[in-house]
Undergrad: 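Got a structure here, written out as structure tokens. Questions coming.
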Amino acid sequence: MADSTESESRKLLGRLREALAEDSAGQARLDRITHLTATSMNTEVCSIYLFRDADTLELCATEGLKKEAVHQTRMRLGEGLVGRAAKSGRPINSANAPQERGFRFMPETGEEIYSSFLGVPIQRLGERLGVLVVQSKEARQYSDDEVYALEVVAMVLAEMTELGAFVGDGAAMTARHKNPELFRGTVGQEGTAIGHVYLHEPRVVVTNPIADDPAREQERLNAAMESLRTSVDDLMNSAMGTDTDSRQVLETYRMFANSRGWLRRMEEDIARGLSAEAAVEKEQSVARARLRSQPDAYLRERLQDLDDLSNRLLRILTGQGAETGAAMPENPILVARNIGPGELLEYGRALKGVVLEQGSVGSHAAIVARALAIPLVIHAERITTEALNGDPILVDGDQGIVHLRPEETVANAFRDKIAMQAHAQERYASLRGLPAQAKCGSVVALMMNAGLMADLPSLEGSGAEGVGLFRTELQFLIRSKVPRRGELAALYSRVLDAAQGRPVVFRTLDIGSDKVLPYMKPQDEPNPALGWRAIRVGLDKPGVMRMQLQALIRAANGRPLNVMFPFIAQFDEFRDARQHMLAALENEDRLGHVMPSDYRIGAMLETPSLAFAPRQFFEMADFISIGGNDLKQFFFAADRENERVRRRYDTLNVSFLRLIEHIVARCAETETPLSFCGEDAGRPFEAMCLAAMGLRTLSMRPASIGPVKHLLRRVDLTEVKAVIDRAFASGEQSVRPAVMDWLTTEGWAVGR
Ligand code: PEP
Ligand code: MG
């Protein structure tokens, strides 16, 4: 039976190919396809529904239903059986359609006389394009073979849609990948960029979905599979001895590459007339549809592995993709589903912006994008399926919005915005050599946050007085194994060279929670943000921390050294960490290394508990830096990574400012220098309020130094403090409205 249905399928595809090869317009092609399919499958009706927009399906061609309904009948995603097939990405097969749940009767089509219904989604790599339907009067369930045959036709339709085969004569479809598209994502890194799409993994275009020589296609598939297996084995061999995680992923790859089930399905597709690449894509589409609806994280990951492997196989078959190296367009904006920190760093500052479908605010890629000051938008759903290499694209990292192939008016408005920002930057540049001295005479030291060598040139450009926070974990995150002491010492030394005598505060390794090292066994913790992280790891397993401290001392090589320990929650943690530093100094001295000319050992205050530590802690710390990002998340019990809650609580909330007030007072009692290095330090309005609360050192992204200085130089901090005090007394929840009103009456307009 299988053989005869396979040859039927092949015959139909052969006829479809002839029809598609004819030089006819899009609508005529669609009409012909419905006619051929209905005839071949012995059904009275065959109809093609395509998406008009993301939410609306339109009847675009039919054999058997009333012709007047074409381009008139529409339904929403999920509505009726057609809408349901589109939404679920799965076939709907019913012997008695009018009795089905959700059936929607469309009188204009004349379909009431047809009992049986089979609708299969037309989708390409998980992207919904439409639904292909056959209907018959006879009440019968369609056989598995018939479902399969219709899926194969749908697959060909999807490929041809992608190639623009149905565009034209106004009626059928608008061209794909030509219209402007807007994507609303999440801010990963502020900033704006204008440029052209550069796909991290270029889309593979299949130009030959139908093939008439199954034996040859089978051979091509076998050869490609062989080469895939070899490349996975090579990867495995080169990964020998590396961490178990990468090995696990590769093991899964190997399992799929040898999976009979996967191969068998593709062989069946080929036997029915698909080319080898169309067969790979068809199974990939099925896997992507499952991926979309799979709630289990583990299975989702496995499906993701299969997806990656299918991509590799497609590249081997078509000879397209990364190996052939698409040239970088001018002002490249990287578009990807996701990207690792190392890969992003390799592209480096050549990129003008980055847009990801996945990722999170605290992901390593986001950390690197931030360090490189490249605008980043994450969660831009579907962008990799919509964007083509070289497409014009605008990235608004301030709003988390991306315009793909923008209209001219949008592009112009965007250019204006960039010009205004450039103008403001010029104004800030003129302040570069001036102090951040407020009208009341108070001077605030503005420092910058850094984490990469590439950040250091910003010291000059921004006018920062030093590096208030050097996040050392980036060097660990972007490598596949623990960096060696010598490497680290050389890097830290270059950082100090670049700082040219300005202070640099090195924070020891802050890992755990969202920052998991690729070569570190992830801890299966129910609540990683509250788990084994930062100094807790450092104290329990001091090997790496000791090595890092030695590297820092050697890097200083007679210069001043500032070291700060992250995430100290109670006094003894600081005392013990400090002891490690003192021991390292002693040891290095004994080994004959040059001692730092001066050293200061500080703590990051990132948990509310530390604000209430014994006085001895404040006396012992040479300086304290408030890690506002973490402090705020723990104070309000609101995960900084969770989009739902992370903006819920205001930094200028009275309770939080009272905590800041308390910390300022405790440090004043013991004359312990205090700074603030969370993201809020770089927001002019928040920075002004923090300064009014008594902070005299703020450390921020380099790009924020100009705007913060600009505002600080124009206000009297004692006046700001008076407004804050009045707001405290008035019983308001946040001082923001009061301070904002005051600023406005002073003639200021400050963006958040
Ligand atoms: C902070 O928590 O505010 C901070 C500066 O550290 P990180 O953002 O690296 O956790
Ligand atoms: Mg922190």
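Read the numbers this way: they start at 1 and go in the same order the structure lists the ligands and their atoms.
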Undergrad: So does Gly628 get a backbone contact from the side chain of Glu679, meaning a donor-acceptor N/O pair under 3.5 Å?
TA: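 Checking the backbone N and O of Gly628 against the side chain of Glu679, no donor-acceptor pair under 3.5 Å is found.
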Undergrad: I need the contact type for Arg507 against ligand 1. Using non-hydrogen atoms and a strict under-4.0 Å cut-off, is it side chain, backbone, both or neither?
TA: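 The part of Arg507 near ligand 1 is the side chain, not the backbone.
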Undergrad: Say whether, by atom type as modelled, one donor and one acceptor occur between the side chain of Glu732 and the main chain of Ala738 under 3.5 angstrom.
TA: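 No.
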Undergrad: Between Ile626 and ligand 1, which residue portion shows a heavy-atom distance shorter than 4.0 Å: side chain, backbone, both, or neither?
TA: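 The answer is neither; Ile626 stays 4.0 Å or more away.
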Undergrad: Under the criterion ring-ring contact (aromatic ring centres under 6.0 Å, His included), which of Tyr599, Phe470, Phe565 is the partner of Phe506?
TA: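 In the set Tyr599, Phe470, Phe565, the residue that makes a ring-ring contact (aromatic ring centres under 6.0 Å, His included) with Phe506 is Phe470.
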Undergrad: Check whether the side chains of Thr651 and Glu686 place a donor and an acceptor atom closer than 3.5 Å, and report yes or no.
TA: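 Checked: Thr651/Glu686 side chains show no N/O donor-acceptor pair below 3.5 Å.
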Undergrad: List the residues meeting side-chain hydrogen bond (donor to acceptor under 3.5 Å, both in side chains) with Gln548, not counting sequence neighbours, and say none if there are none.
TA: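 Residues passing side-chain hydrogen bond (donor to acceptor under 3.5 Å, both in side chains) with Gln548: Thr472, Tyr492.
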Undergrad: Any carboxylate oxygen within less than 4.0 angstrom of a Lys/Arg side-chain nitrogen, looking at Glu460 and Arg432?
TA: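 No, no charged N to carboxylate O under 4.0 Å.
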Undergrad: When you compare the side chains of Asp576 and Gln579, does any donor N or O come within less than 3.5 Å of an acceptor on the partner?
TA: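 Absent: no donor and acceptor within the cut-off.
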Undergrad: Check ligand 1 against Gly627 and write out every atom of the ligand that is under 4.0 Å from a heavy-atom position of the residue.
TA: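 Result: 1 (C), 2 (O), 3 (O).
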Undergrad: Does Met604 reach ligand 1 with a nitrogen or oxygen that is under 3.5 Å from one of the ligand's nitrogen or oxygen atoms?
TA: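 No.
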Undergrad: Find all atoms of ligand 1 within a distance of less than 4.0 Å from any non-hydrogen atom belonging to Leu469, and give their numbers and elements.
TA: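 Those of ligand 1 that fall under 4.0 Å from Leu469 are 5 (C).
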Undergrad: Is the shortest distance from a heavy atom of Lys632 to ligand 1 less than 4.0 Å?
TA: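 No, Lys632 has no heavy atom closer than 4.0 Å to ligand 1.
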Undergrad: Would you check the N or O atoms of Asp630, main chain and side chain alike, for any that come under 3.5 Å of an N or O of ligand 1?
TA: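 Yes: some nitrogen or oxygen of Asp630 is under 3.5 Å from one in ligand 1.
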Undergrad: Would you mind naming the N, O or S atom of Glu606 nearest to the Mg ion (ligand 2)?
TA: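 Considering only N, O and S atoms, Glu606 comes nearest to the Mg ion (ligand 2) through OE1.
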Undergrad: Nearest heavy atom to atom 10 (O) of ligand 1: which of Glu606, Arg471, Arg640 does it belong to?
TA: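 Among Glu606, Arg471, Arg640, the closest heavy atom to atom 10 (O) of ligand 1 belongs to Arg640.
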Undergrad: For the Mg ion (ligand 2), decide whether Asp630 has an N, O or S atom at a distance under 2.8 Å.
TA: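 Yes, Asp630 qualifies, because one of its backbone or side-chain N, O or S atoms lies under 2.8 Å.
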Undergrad: According to side-chain hydrogen bond (donor to acceptor under 3.5 Å, both in side chains), who are the partners of Asn527, at least two apart in sequence or on a separate chain?
TA: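 Here no residue qualifies.
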Undergrad: Which of the numbered atoms in ligand 1 are below 4.0 angstrom from a heavy atom of Gly678?
TA: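 Heavy-atom distances to Gly678 below 4.0 Å select 3 (O).
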